[in-house]
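Here is the structure we will look at.
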Amino acid sequence: MPELVMLVAGETSEKVQATFGKIKQILKKFNVVEPSKEIDGTLKENKELRSTLFELSGQTGVYPQLFRLDEDGTYTFLATGSQIEGMNEVHECVQEMLKQDPDFLKKNDQYQLITDVFKDFIN
């Protein structure tokens, strides 16, 4: 079974630290399991993994980031914290648009639903 992993920054501002908690609350709202592992990207021993994860996401220096970790050790980028906040903000609107047009997400790929992105981690 895949794991949900969050890349965080231990040495950061209080504002960014508060964002980590906010993201966890948003995920909880959608019944997404808590990340099973947090990787502190600011620690020297995590530098290589952090670089790999940044490469996967294309988002260097952005925290938090969430990844799927498969049993074979393969990471897949899911979303940044700001993307999760954005998905949360438009969730109800997108749901309404899908009722009117079931192909809305296919036609508007700038939108995603948290419930789709994190479907493997919903209780």
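Residue indices begin at 1 and follow the sequence shown.
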Please walk me through it: do Thr42 and Thr12 pass side chain to side chain contact (heavy atoms under 4.5 Å, CB included)?
-> CA-CA 9 Å; Thr42 60; Thr12 189; 6.0 Å; no
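- Taking both residues in full, the closest heavy atoms of Lys37 and Glu3 are given as CE-OE1, 4.2 Å, listed atom of the first, atom of the second, then distance.
- By the neighbour-count criterion of 12 heavy atoms within 6.0 Å, atom CD of Glu48 is sparsely surrounded, having that number or fewer from other residues, nucleotides or ligands.
- Residues passing the side chain to side chain contact (heavy atoms under 4.5 Å, CB included) test with Glu89, sequence neighbours excluded: none.
- For the side chain to side chain contact (heavy atoms under 4.5 Å, CB included) test, residues two or more places apart in sequence or in another chain that qualify with Ser13 are Lys15, Val16.
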Before giving the answer on ring-ring contact (aromatic ring centres under 6.0 Å, His included), spell out for Tyr63 and Phe54 the whole-Å C-alpha distance, their side-chain angles and the decisive distance to 0.1 Å.
-> CA-CA 10 Å; Tyr63 297 98; Phe54 281 165; 5.8 Å; yes
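- Separation of atoms CD1 (Ile114) and CG (Asn31) is listed at 11.5 Å; rounding is to 0.5 Å.
- Salt-bridge check for Glu85 with Lys22: passed, with a basic side-chain N closer than 4.0 Å to an acidic carboxylate O.
- Taking 4.5 Å as the limit, some side-chain heavy atom of Pro2 sits within range of a side-chain heavy atom of Phe121.
- Cluster annotation: Leu43 and Leu53 are assigned to distinct hydrophobic clusters (Ile/Leu/Val/Met/Phe/Trp/Tyr, side-chain heavy-atom contacts under 4.5 Å, transitive).
- With contacts defined as side-chain heavy-atom distances shorter than 4.5 Å, the pair Thr80/Pro64 does not qualify.
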Go through Thr19 and Gln17 one step at a time and tell me if the side chain to side chain contact (heavy atoms under 4.5 Å, CB included) criterion holds.
-> CA-CA 5 Å; Thr19 300; Gln17 288 289 343; over 6 Å; no
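- Classification of Asp103 and Lys106 as a salt-bridged pair holds, one side-chain N sitting under 4.0 Å from a carboxylate O.
- When each of Leu4, Ile39, Thr52, Leu7 is tested with Phe67 by the rule side-chain contact (heavy atoms from CB on, under 4.5 Å), just one qualifies, namely Leu7.
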Using the side chain to side chain contact (heavy atoms under 4.5 Å, CB included) rule, take Val5 and Arg68 through it: C-alpha gap first, then chi angles, then the decisive distance, then the call.
-> CA-CA 6 Å; Val5 176; Arg68 171 192 170 116; over 6 Å; no
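- The shortest heavy-atom contact between Ile84 and Ala79 is CG1-CB, 3.9 Å.
- Contact record, Asn123 with Val33: OD1-CG1, 3.0 Å, taken as the closest heavy-atom pair.
- How far CD of Gln65 is from CD of Gln83: 8.5 Å, rounded to the nearest 0.5 Å.
- To the nearest 0.5 Å, the span separating CG on Leu66 from OG1 on Thr76 amounts to 12.5 Å.
- Other residues, nucleotides and ligands contribute at most 12 non-hydrogen atoms within 6.0 Å of the CD atom of Glu55.
- With rounding to the nearest 0.5 Å, the separation of CE in Met6 from OG in Ser36 is 11.0 Å.
- If you chain together ILVMFWY residues whose side-chain heavy atoms come under 4.5 Å of each other, Leu105 ends up grouped with Val90, Val94, Met97, Leu98, Phe104, Tyr111, Leu113.
- To the nearest 0.5 Å, atom CG of residue Leu49 and atom OH of residue Tyr75 are 4.5 Å apart.
- Atom CD of Glu92 has 12 or fewer heavy atoms from other residues, nucleotides or ligands within 6.0 Å.
- Leu56 CG to Thr74 OG1: the interatomic distance, rounded to the nearest 0.5 Å, is 9.5 Å.
- A continuous path of Ile, Leu, Val, Met, Phe, Trp and Tyr side chains, each step under 4.5 Å between heavy atoms, connects Ile23 with Phe30, placing both in one hydrophobic cluster.
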Please walk me through it: do Arg50 and Glu45 pass salt bridge (charged side-chain N to carboxylate O under 4.0 Å, His left out)?
-> CA-CA 9 Å; Arg50 178 195 68 204; Glu45 61 264 25; over 6 Å; no
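- Phe20 is connected to Leu27 through a chain of hydrophobic side-chain contacts under 4.5 Å among Ile, Leu, Val, Met, Phe, Trp and Tyr, so both are in one cluster.
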